Structure formats: structure tokens, C-alpha cells
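Everything below concerns the one structure shown next.
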Amino acid sequence: MKVRWAGIGLLAAVITASPAGGEEPRLNVYNWSDYIAPDTIPKFEAETGIRVTYDVCDGNEVLEAKLMSGRSGYDVVVPSASPFMARQIAAGVYRVLDKSKLPGWRNLDHHILEMVSAADPDNKHGSPYLWSDTGIGYNETQVHAALGEGAPVDSLALIFDPAVAEKLAPCGISLLDTPQEVFPAALGYLGLDPKSRDLGDLDKAFAVLEKIRPYIRKFHPSQYINDLAGGDLCVALGYSGDVIQARNRAREAGNKVEIAFRVPKEGAMMSIDMLGIPADAPHPENALRFVDYLLRPEVIADVTNAVWYPNPNLPATALVKPEIRNDPAVYPPEEIRRRLYVDLPAPAAYERARTRAWTRLKSGR
Amino acid sequence: MTGMGWTGRLLLIGVPFLWLALFFLLPLLIVVKISLAQSTIGIPPYTPLLVDHDGGRELHATLANFALITNDDLYLRAYLGSLGNAAMATALCLLIGYPVAYAIARSQGVRRHLLLFLVMLPFWTSFLIRVYAWIAILEPNGLLNQCLIALGLTAAPLPLLNNEFSVELGLVYSYLPFMILPLYGSLSVLDPSLIEAAADLGARPLQGFLGVTLPLTLPGIAAGSLLVLIPALGEFVIPDLLGGPDTLMIGKVLWDEFFNNRDWPVAAAVAVVLVAALAVPLLAAQRFLERGHAA
């Protein structure tokens, strides 16, 4: 799951009614920025003759606002499974996938399908595309300089322990600007259930955050990618794929900045991005062809090779470049995978209390 | 008016009215309608106002959203925060923009056109990209800090980004042209003989400026100030990109209601209150301008 400020100018889809009978050879796709291989779309167009209008979005929130208004004009969209797609399914946004037209479905990892089914019962509406987890990205040199060799880099204490945070404040700590990510992490640090919906637990998590608030430099969904890579930030609570992108950028720049990513021992939230077909999609048949195309191992392996996010396609793993599939930060080993959890949509009252607490925390009042 | 027929007059008045009704009143009414509904999970994510009931129709409207935003001081503080930032930006734009507009109005020929062109030049690049450019300039390892360190003016990078300073800078930078252009408009039509007359009657340059130029350009000042104040008040992108975590502005709060809480009715209620709160200074300025014309 990536939240990007690619632009507030949102590209409007070309909305065209499909003629009766056969579908016109067009497809409107709405995906995250930098979330596909450069040749994925051209190859699909060459193979099928379907012309694809490919737009990029900057956040789940914006996608949701479009879907909830109805008639988005898109045929394939990419929401995160939970809480976004789960809520959208409840609102009747999606069409049920016709699995008989998705022969590639059998390639999917059953373990991940099972995790997703918490958000999409019986996997009826969504096909998992790529996934990531929320963990700790850090600058190895700076963190060890500030805390010594015993730095708790495998624990959320690196961010939520005030004594540690105080020492890291000069080189910079950044949190995601998303209460849905940060509060569960704070609950996990306290040893409470990260999926708790108890307002008392929320207060406890708030107390933890309030203590480290003075040491937080920035709350932002994506700025930490550049800041980590440039050596302007030493610790970030962020998405695995984004931190790895920062690490790779620093390596390319050769600026001696060494970035690492860890899944904390207290557990981490897993985000699975899904391919969904809106109920009012103008070209649902073409959409199914596109989803099935992305279920081919060689196609999705190319996507992972380009974006460094793991995919849930089992036969594809062998086709992914060795340096990516053997990187524990991208493809975590089994014992780390067991620490991952999928969050579910919260009741409206809890959501409001959480957003309110978040604003109170950030504004320092 | 005598030469114009009844239909002609109706057309003349009707077209702007139709425009306002279609593109201002109607959207505003839709927002008001949503602000009286309740949030729900569905398409659209709010309850209908009229519900079919026993063959008849029942009105289901609630003021709960307005109660919520008046009971929580977050909204008032965010509004005051926006007002403070916007007022400061307006004052700074006026201080910087007035001499600039004055210089352009006093210059001649190609020079004047060139200067005007330079004021409008930034609009050729996307607003968003220009704001991003400021990030590259102000960040700890950014252009400005590198220059300052290279010149030996500071040892460690100065905190230029993610604070009130950068938000104010962004606001002034982005909205300055909207101040300069109306000021230039009223300064360029100013009859220079009036100032000469004041000088002939013994006024010093400052007296002439305060007694003649300034009062005659008040409409330009008012128009420019409104053009800066109103969009700056609702500004969301600049505080989001250049601001720090403690920057509290109403545009961001509205965004949170709409996108984070997915509570369209509360977001609509915030928008309605914001429009009402904007209408007051707007009407006051309108009065002021009318009096200026009458004088």
C-alpha cells in the first residue's frame, strides 16, 4: 500500500458506454503510481488489441471517494484489502469475479487468500496483486552512532520508547500520516491487541504517542523515501516496499547511506493490494482478461522485478530475480510472516475517535 | 436603458443569474443537503433527505453534524489558525505587492509588458510543481542550506521547512500575483496629474502618496486582498506539503473529515460553515467598495 502525492489534479477517466453485444476494445485502469512494470500494459495491448487508459492515484482515500460517488468509469481498480476494499464491498462497489474466466487463479498463495478472506469473504470480489508490510526503516550508521551497538532495531521500542526516541530526534524520526497504521503499531508496542477497538486501549496508545510526539520530525505518507535515501532522516515507520526503494536509491547514488528494513518483533500490519472490478465497470469482460493476464507468473514476476513488492503468485517466485526473492526485507521468511496481521474496518465511532486523537496528537493540542 | 427592449434586459440580467444559480447556488445547495444527512456505508455514503414512508414522503434532516463541529473546539481552532495564516499572508503580499505594482505601473512600453509578463510567468508551471520546488530549496540538505553552509553563514542546516515559516513563505509566494495584478490595474489608470497637482499645492511625496495615491487605489487593495485571503483561507496543499505536524488549517481538517473519516455530512457541514464565515468579510468588503465608488 503506497500513499503518494502524485498530484491533486486527478486524471479523469474516459467514460464511454459500451455498445450492446460485444465490448469495445478498451479498458480503464486506476492503479498506484510506480506500481507496475513499464512493459506490462504495452504487452497486454499488443496481445489483445485492447486499448488501455492507465491512470494513477495517490491514495486509497481518493480512490474510495471516487468509488463511493458511483460511476467512476474505471474497469480495474487497486484498493488495499483492508479496511478499504472490505468497506467498499459492504457498500456494493464491486462485481463478483467470474473465476471460470480466471484460469490463473490457481497460482495464488492459499495462505494469502485466506488472510484476504477476512476482508473479502470467500475471495469473491478481489484478486490479490502485490503486498507489503509496515515496519521500521532506518539509517544503520546514524542509529548505531546515536544508540550504540545495542540499538533495538528489531523492536517498535526504536520509535515508541521515549528514551530511545529522544536520542534519535536530532537525526530525525518520521511516522506515516495515517492513524490506521500508527495506532495499531503503538498498541502492539504496549503488548495490546493491535486490532483492539476498545476506546480505553486507544487512550493508552495515545499516551505512548504523546510522550514521543516532541521527537517526531514529520508525519507524512511518503516523504521518508527521499529523506531516508538522502541521509536526512534516521528512522521511519513505513511500508517495506518504500523503504527498500529508499535503500536502492541510496545505493545508486553511492552516498554511503545504508538503509535497512525490519519487521518489528511485536508484529506488523500487512497490506494486500487487490484487483477489483467495479459493479458499474463499462468493460467488465476486458477487465477479467486483464486480471487473468496479471495472474500469469511471468507477468507478475516482471512487476515485482520492477517495483520490489512481493506478489502472492506461487509459481512466479522462481521467476523473480534472485536478489529480490532472497531479500528477507522483500520476501520475509516464514517465521517473520507469522508476525503479520491484517487489520479490519473499524466501526464509525471508533474511527472518528481515532482520527480526532490523531489530529490532537499532531497539532500538539 | 430606453433603447433596450424588455427581452433584452431580461437576457442581460438573466445570463449572469443563470450562471450563478447553476455553478454556485446549485452546488452549494447540494452541499447543504449533504450536511443535513447522516453518514452511512453505501453509494452515496450518506442517507437520503426524503424517505418514502407509508405512501408519503418524510423529511429526514439532522443538525447533528453542525452540533458536532460547534461542540469540538478543533474546528474553531483550525479556522482561526487558517485565518491567522491567511491574514498574515495577505498583509505580506500587500507589503511586497504594492511597490512591485507601483514600479510596473510607472514603467513604460516594452519594459512594462516584460514586467507584467514576469508576474504571470509562474502560472505556466503547475502550482503543485512550484510548491514541490520549494521543498527542494528549503529542506535540510536543500539548495538554500547548502549555499548558506558553503558561504560560512551557518554551521548546521537551518530548520527552514515543515514549520510556520515555510507555510507562510509558500502562501505569499503562491498568491503574490493575485495581489499585484489588481493593484497594477488600479495604479495604471491613476491620473499622474493628480499627484502633480498635490505636489503643486505643497504636498511632500509621502503626503501625496497617503493623500492621493493610496485612497484612489483602495479598490485595488481590497480586490487583491480578497483574492489572496479567500483562497489562502481554504488552502490545503501548501500546509500539507510545506507545513509541519502542528500546522492546523481548516482545509486539512475538511480533507480529514471527507477522506479519513469518510464522513461526507460532517465535511459538508464544515464547508457550509466555512462559506458562511467567508461571506461575512466578503459582504463587508463589497459594502466598502461600493462606498468607495459612491465617494
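Residue numbering restarts at 1 for every chain, and letters A, B, ... go by the order of the sequence lines. All values derive from a computational prediction rather than experimental measurement.
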Among residues at least two apart in sequence or on other chains, which ones pass side chain to side chain donor-acceptor pair (under 3.5 Å) with B:E58?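 With sequence neighbours excluded, B:E58 shows a side chain to side chain donor-acceptor pair (under 3.5 Å) to B:H60, given in chain and number order.
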Roughly how far, to the nearest 0.5 Å, is the [atom2] atom of [Y] from the [atom1] atom of [X]?
{"X": "B:L74", "Y": "A:R356", "atom1": "CG", "atom2": "CZ", "answer": "4.0 Å"}
{"X": "B:I135", "Y": "A:N226", "atom1": "CD1", "atom2": "CG", "answer": "9.0 Å"}
{"X": "A:T359", "Y": "B:Y75", "atom1": "OG1", "atom2": "OH", "answer": "8.0 Å"}
{"X": "B:K252", "Y": "A:K362", "atom1": "NZ", "atom2": "NZ", "answer": "4.5 Å"}
{"X": "B:F258", "Y": "A:E61", "atom1": "CZ", "atom2": "CD", "answer": "11.5 Å"}

Salt bridge (charged side-chain N to carboxylate O under 4.0 Å, His left out) with A:R354: which residues, sequence neighbours excluded?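 A:E351.
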Over all heavy atoms of both residues, which pair between [X] and [Y] is shortest? Give the atoms and the distance, please.
{"X": "B:D263", "Y": "A:R352", "result": "OD2-NH2, 2.8 Å"}
{"X": "B:P45", "Y": "A:M68", "result": "CD-O, 3.7 Å"}
{"X": "B:I43", "Y": "A:S69", "result": "CG2-C, 4.0 Å"}
{"X": "B:P140", "Y": "A:D232", "result": "CB-OD1, 4.2 Å"}

For B:F24, I'd like to know if atom CZ has over 12 heavy atoms of other residues, nucleotides or ligands within 6.0 Å. no
Check whether A:L67 gets within reach of chain B through its side chain, its backbone, both or neither, counting any heavy atom under 4.5 Å. backbone
Please state whether the side chain, the backbone, both or neither of A:Q180 comes within less than 4.5 Å of a heavy atom of chain B. side chain
Show me the donor-acceptor pairs within less than 3.5 Å that the side chains of residues 81-90 of chain B make with the rest of the protein, sequence neighbours left out.
{"unit_1": "B:S82", "atom_1": "OG", "unit_2": "B:A78", "atom_2": "O", "d": "3.3"}
{"unit_1": "B:S82", "atom_1": "OG", "unit_2": "B:I250", "atom_2": "N", "d": "2.8"}
{"unit_1": "B:T90", "atom_1": "OG1", "unit_2": "B:A86", "atom_2": "O", "d": "2.6"}

Mind checking which of residues 65-72 of chain B sit less than 4.5 Å from chain A, heavy atom to heavy atom?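 Within residues 65-72 of chain B, the residues that come under 4.5 Å of chain A (heavy atoms only) are B:L68, B:D72.
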